[in-house]
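These numbers come from the heavy atoms of this one structure, side chains and all, not from hydrogens, waters or symmetry mates.
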Amino acid sequence: MFYLSWRDPRVRGRIAENAAKMQAKDTDFKCEVPCQSNNNIDAGGCCDGVWMPYIAFTNIKALSQDRVVRWGLGFSKEGDGVFQWSSVLATYSTPLDMRAFPFDTQRLLVQMSVPQERHGWSGGLLELRPGTTGTHLFTARPAGDDLPGWSVADVRLDRITYPLCQAALLSALRPSPADEPMPLVPGYLWTSRAAQKHAHQCAAELTSQPASVRLQSPYWRTSINQTGVPQEPVMVEALNVLIIVERFSSRWVLSAIFPILATTWLGCLVFLLPRDDMGGRLGSIVALFLALAAIQFVVDSNTPSASFLTPLQQLTLASYICLILIGLESVVIWRLTTYHVEKHRGEQHQLAQQRLDAKIAAMQEALDAWLYKTKNDYRSEQAGLGDRPAAAPLAAAAASQTRRQRAFKIIMQKSAPNLLALRGFSSRQNTQGSQRTSQDGGALSAPSGVATLSTWWQRGRIFLEHVAADEAFADRAGHLTNKWAAIAQLVGYNLGAVLIFGVNTALYGR
């Protein structure tokens, strides 16, 4: 609700004149402008011919379709004081600063302006001056909150005056065409960069133009039917109503900030698990990572969007980074703890492989010797059969030869695949062993695209191997790394959370 008051000695006489016209007999007078919105002319009077200020709300986005417009005008019984009140239900557009969310304070703007008319005096006689403000001046104060999720801290009135040309220059993207009869953004104002930065420079630049140019500008006052109208730029009298509201942050602390903090704090409990339990640690980290993603999805769906990271989003990003670091630290701790166990296991595997290679070699030698003996026996038998007389025994010899050839083929068919498999397995194991030897010796060169990364990886692996060279020292190093990593994560994350909200609130919040 807005309340305006001004001085006009003509009001009482005009309303009394209208009342006399309505009370006269045989009159065709009909009141067009009642003094009250309830249309009760007998009680409120008729305001036909009464001057009323024209107030424009420049940042209205939409008017409510089911609104009931209420207003009223009155005057003092003695003196020339006049007042008017009106209720405007609308949706206003104002930018929000979310850099301190959810500990933010917003300044909601309702701009009332009185533009001076380009022709005549009607706008030039009005000057807006701030009066008093309140949150419940004409309504009962409820026991609950003023607004859902907000509290009204203050209501201020700020008076501003600016040239009308400045409003167009500040938001225009390009100048008007040169052949436009009355350009909205003339080229001479567009080229003057100072006119876009300072309000009074715009009016000064317009005043410095020739009379023929000024008269073609919609921002220059002229006169058509009245005399004595000053030749000057059109000015705007504005009154900014600032409604300062503070957000209730307790809701966001319980529904957003605490779940995110608790998820990361639970991640630090991973350091209490056994150091060699890699599966348990990484499984917990992955589960908490997915839980944090679910929390972020729910929180983002209920928070306004912005072109920058809000403190709540910064906290979520810090939680992601903390969980990733916990996972990497768990890998390093597992490596320090299990280095000797894995090394001993690798040595056992190597000895077992050597024994297997020896058995395969012995089997190969035995099989080769058997095959060689079988071939020689067969050839000797063939040579002996060739020296015998061609008589009745030839048929028996031929049958015996056929049986031996068939048996030799069966042996070769069954033995050859096993022999080839054993030889392939042995060569594959030898190749893998040589590869491990080359990697341990550092003889293999990394690809050119990942040379730097490979170099740092090799240095880190060599450093861990040197640290874990002594089993007792490696166990102690793993214990200390696990302890100080947990402390560093807890202290660093909590300190980062305090800085995120503390700095943003101090700079942009309350």
Side-chain angles (χ1 to χ4, degrees), residues 1-60 63-64 67-90 92 110-134 137-139 155 157 159-161 164 221-230 232 234-241:
M1 180 178 292
F2 299 93
Y3 178 88
L4 302 174
S5 63
W6 65 94
R7 297 184 182 278
D8 190 351
R10 302 168 299 175
V11 172
R12 284 190 301 169
R14 185 62 54 88
I15 294 178
E17 180 182 350
N18 293 334
K21 291 180 180 180
M22 289 187 297
Q23 294 175 358
K25 296 181 179 180
D26 300 330
T27 180
D28 56 353
F29 177 78
K30 184 178 181 180
C31 182
E32 299 291 341
V33 182
C35 293
Q36 293 184 3
S37 58
N38 57 7
N39 294 324
N40 189 350
I41 301 177
D42 295 334
C46 179
C47 288
D48 285 4
V50 175
W51 180 87
M52 297 182 186
Y54 171 75
I55 305 296
F57 295 89
T58 58
N59 65 330
I60 282 184
L63 290 172
S64 177
R67 70 188 185 280
V68 177
V69 180
R70 298 182 296 122
W71 78 91
L73 185 141
F75 57 92
S76 61
K77 297 299 181 179
E78 297 181 359
D80 55 358
V82 186
F83 70 89
Q84 181 189 26
W85 64 267
S86 62
S87 176
V88 180
L89 178 61
Y92 299 88
V110 178
Q111 189 173 31
M112 306 166 57
S113 64
V114 183
Q116 295 178 354
E117 292 186 2
R118 186 171 183 270
H119 305 290
W121 278 94
S122 60
L125 293 176
L126 187 61
E127 178 183 350
L128 291 178
R129 294 181 180 180
T132 185
T133 60
L137 289 180
F138 298 99
T139 58
V155 180
L157 294 176
R159 177 193 174 195
I160 58 174
T161 303
L164 185 60
R221 298 191 68 184
T222 59
S223 175
I224 297 178
N225 298 323
Q226 300 181 10
T227 59
V229 176
E232 61 183 9
V234 178
M235 303 297 292
V236 177
E237 291 281 345
L239 198 63
N240 289 340
V241 182

Which atom pair, heavy atoms only, marks the closest approach of [X] to [Y]?
{"X": "Thr58", "Y": "Ser113", "value": "CG2-OG, 3.0 Å"}
{"X": "Cys46", "Y": "Cys35", "value": "C-SG, 3.5 Å"}
{"X": "Leu73", "Y": "Cys47", "value": "CD2-SG, 3.8 Å"}
{"X": "Tyr3", "Y": "Phe83", "value": "OH-CB, 3.2 Å"}

List for me each residue that meets side-chain contact (heavy atoms from CB on, under 4.5 Å) alongside [X], sequence neighbours excluded, and say none if there are none.
{"X": "Ala90", "result": "Ile60, Leu63, Val88, Tyr92"}
{"X": "Pro130", "result": "Leu157, Arg159, Leu239"}
{"X": "Ser76", "result": "none"}
{"X": "Trp71", "result": "Ser37, Val69, Ser86"}

For Phe29, ring pair (Phe, Tyr, Trp, His ring centres under 6.0 Å) partners two or more places apart: none
Gln84: side chain to side chain donor-acceptor pair (under 3.5 Å) partners, not counting sequence neighbours: none
Side chain to side chain donor-acceptor pair (under 3.5 Å) involving Asn240 - partner list, sequence neighbours excluded: Gln111
Summary of side chain to side chain donor-acceptor pair (under 3.5 Å) pairs that have at least one residue in residues 8-24, sequence neighbours excluded: Asp8-Arg10
Candidate pair Val241 and Phe2, rule side-chain contact (heavy atoms from CB on, under 4.5 Å), full reasoning: CA-CA 10 Å; Val241 182; Phe2 299 93; 4.2 Å; yes
